[in-house]
> 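Here it is, the structure, as structure tokens.
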Amino acid sequence: MRVTVKLYATLGAWLPPGAVRNVAPFELPDGSSVAEAIERLGVPPGQVHLVLVNGQFVAPEARAGRRLAADDALALWPPVAGG
Amino acid sequence: MAWTRKILRVNLTQGTCTPEALNMAWARDYLGQRGLASKYLAEEIDPRVDALSPDNKMIMTTGPLTGTAASTSSRYSIVTKSPLTGAIACSNSGGFFGAELKNAGWDMIIFEGRAPAPVYLFLHNDRAELLSAEAIWGRSVWETDHWIHQRHQDPQIRVAAIGAGAEKGVLFAAVVNDLHRAAGRSGVGTVMGSKNLKAVAIRGELGVGNIRDPEGFMKAVVDAKAVLAGNAVTSAGLPTYGTQVLMNVINEMGAMPTRNWREIQFEGASAISGEAMHEPRASDCKPNLVRNAACFGCTIACGRISTIDPSHFTLRGEGRDRYKVASGGLEYEAAWALGSDTGVSDIDALTYANFICNEHGLDPISFGATVAAAMELYTMGVLTQAHTGGIALDFGNAEALCTLAELTGRGEGFGLEIGLGSKRLCARYGHPELSMTVKGQEFPAYDARAIKGMGLTYATSNRGACHLRSYTVASEVLGIPVKTDPLATEGKAELVKAFQDATAVVDSTGLCVFTTFAWTLADIQPQVAAACEGDWSMEKLAEVGERIWNLERQFNLDAGLTAADDTLPPRLLKEPANTGPAKGHVNELDQMLPEYYRIRGWTEDGRLKPDLRERLGV
């Protein structure tokens, strides 16, 4: 299945080919979890702080169980803050 | 003791500068900076005074840790009654000016009255002089800074100044120090202008001593710096991307107010984000961001130093050389207000408008938000080019944004109407409901339909809509210190109160609130306790924070504000978010506000109960 991955801030270093402004299409086996997607992207899990799927927060403990569907948008950030 | 124990009282009407002793009994109850200056203001003025009359006072104040070896010890505040809101104002700034004031040997300067002709204060350690500013009245902050340095022939003087907009009554004028750091919100620059005070220039060579336990203080400072260095946000995220890293976060989660809050996600967000500031541009292969920057003593360094694309329209033509420089770049709030809220996704136009706000002393949040309101009125046909002087105020019009920044900064043409702020502009044209404000102050960059705690934050903020009074975004979005559900209202009253009280303490120390992405009060307390004489336990600090909040609240009540002012615009209460995870949501303020009043110990109409007043001594 094809999803959209969005790797922001320092995680941009792991963007797959074809990325435009931190956003790229990404092929995953059907039914992949968030944790599996992070592994396939090659992003060190310890650097992933904030995970949103279609804008909704996925807690660290839920990453292994949260399944992605085709056309989902998976967005990842390292620890960031602003104000 | 960290405090210098000295105040400079400047009576502008009489032209006198008089030193006096700091009231240490008040310092023990209010610590310093925001808290202590608010106590002085509440004691010295009638809260009902016209904010722009000589009866209002303006206090420039440091905290006990300002100018010390503590990390982020740059901060100073300006406390006064706001002409924008009619409430108490406290605007906080970094840079180097605050530490210079402390190094000159002063905890605070109280300005009172009104000078018969324009003046500036020159303060060199113990020597204070009011000097004529006739030659620079009507000039910009940048010109004033240059003129003062040239006149006194000392490059190490630190200057805080206002621009022409402040002189002409633009109600959200800022006081800008060190060229691009600002006490930005609530129109503190307008108050300064009303006093005929153009600038404050300081050279301080006395050092900051009087630390109660120097050895213990240095240990506490080193320990606390290690926490900042070991935290990924304060050691990597903020220095690399600045606050602007939030642009994509907030847009992705659907909390990005867009086009005067008609929408909740901005299609141009990525083009104006912190990541975009790192992208090389086609014209010169250089990115917008030149480097990060630190204020005095800061080990985070979140500041942005930027340039405008040399091929951009804002740099074409005569007289543009002063913008072909590296200067203070976009922070998240400015990028949002100038960008998403107006629908402009041209990062160079935003950088230019931000330069103009710094050059002329404007709050970019209130300026951008008021332009956004004007754009909505223009889209409706209520405002026309006959009103705007021929400017087509369509959402997304970058040239209109830049032109209005120039006009507002100089206090000319339609810029003077923008200078009224969103509340008065919308009321003047018959649509008060389109003003996205609380207590007359424009919102910052978080939609309260998608981050519910921020609705309560805005409604109850003592200086009108503001994110820096209780930044529940940290918890509701970023998981600091713990993650809470942004779409839930349960528990938000307690969360908001906790953030409000803790932030009041941080704002009274001389340290930067951005440390709290890594620090808790438990990291700050040992530094305060080692520096300051007296009891500065965790319990005491918590009580001080609560006392400050209630003092500010009481000032506002005495000024004539009521519980009816603790509300949100109808757009947030009645018009559901149209996209994203919050689609269909409004802000349920009515579910949070009564609980908030209850845990504050206030009556149902938002007044302090007698037992609370007695306990806190307010």
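Below, chain A is the first sequence line, B the second, and so on; all start at residue 1. Atoms considered below: every heavy atom in the structure, side chains included; atoms not considered: hydrogens, waters and symmetry mates. A quick note: this is a predicted structure, and the numbers were derived from the prediction, not measured.
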> Between B:Ala582 and chain A, with a heavy-atom cut-off of 4.5 Å, which part of the residue counts as in contact: side chain, backbone, both or neither?
neither
> Atom CD of B:Glu279 and atom CG of A:Asn22: how far apart are they, to the nearest 0.5 Å?
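So the CD of B:Glu279 and the CG of A:Asn22 are separated by 7.0 Å.
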> Counting heavy-atom pairs under 4.5 Å with chain A, which one of B:Glu333, B:Lys483, B:His467, B:Gln244 comes out on top?
B:Lys483
> Of the listed residues (B:Val245, B:Thr234, B:Val249, B:Ile480), which shares the most heavy-atom pairs with chain A below a 4.5 Å separation?
B:Val249
> State plainly whether the residues A:Arg21 and B:Glu275 are in salt-bridge range, i.e. N to O under 4.0 Å.
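A salt bridge is absent here (no side-chain N lies under 4.0 Å from a carboxylate O).
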> Look at atom CD of A:Glu39 and say whether more than 12 heavy atoms of other residues, nucleotides or ligands are closer to it than 6.0 Å.
no
> Taking side chain as everything from C-beta outward and backbone as N, CA, C, O, which of these in A:Tyr8 sits under 4.5 Å from a heavy atom of chain B? Side chain, backbone, both or neither.
both
> Which one, B:Leu246, B:Asn251, B:Leu238, leads in non-hydrogen pairs under 4.5 Å with chain A?
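So the answer, after comparing B:Leu246, B:Asn251, B:Leu238, is B:Leu246.
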> For residues A:Phe57 and B:Asp485, determine if any side-chain heavy atom of one lies less than 4.5 Å from a side-chain heavy atom of the other.
no
> Below 4.5 Å from any heavy atom of chain B, which atoms of A:Asn54 appear? Answer side chain, backbone, both or neither.
backbone
> Between B:Ser270, B:Gly237, B:Ala474, which shows the greatest number of heavy-atom pairs under 4.5 Å with chain A?
B:Ser270
> Looking at CG of A:Leu7 and CG of B:Asn248, how far apart are the two atoms once the value is rounded to the nearest 0.5 Å?
11.5 Å
> Checking B:Tyr332 side chain against A:Gly82 main chain: does a donor-acceptor pair fall under 3.5 Å?
no
> Is there a donor-acceptor contact under 3.5 Å from the side chain of A:His49 to the main chain of B:Leu478?
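It does hold such a pair.
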> Is it the backbone or the side chain of A:Ala81 that comes under 4.5 Å from a heavy atom of chain B, or both, or neither?
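When you check distances to chain B, atoms from both the backbone and side chain of A:Ala81 fall under 4.5 Å.
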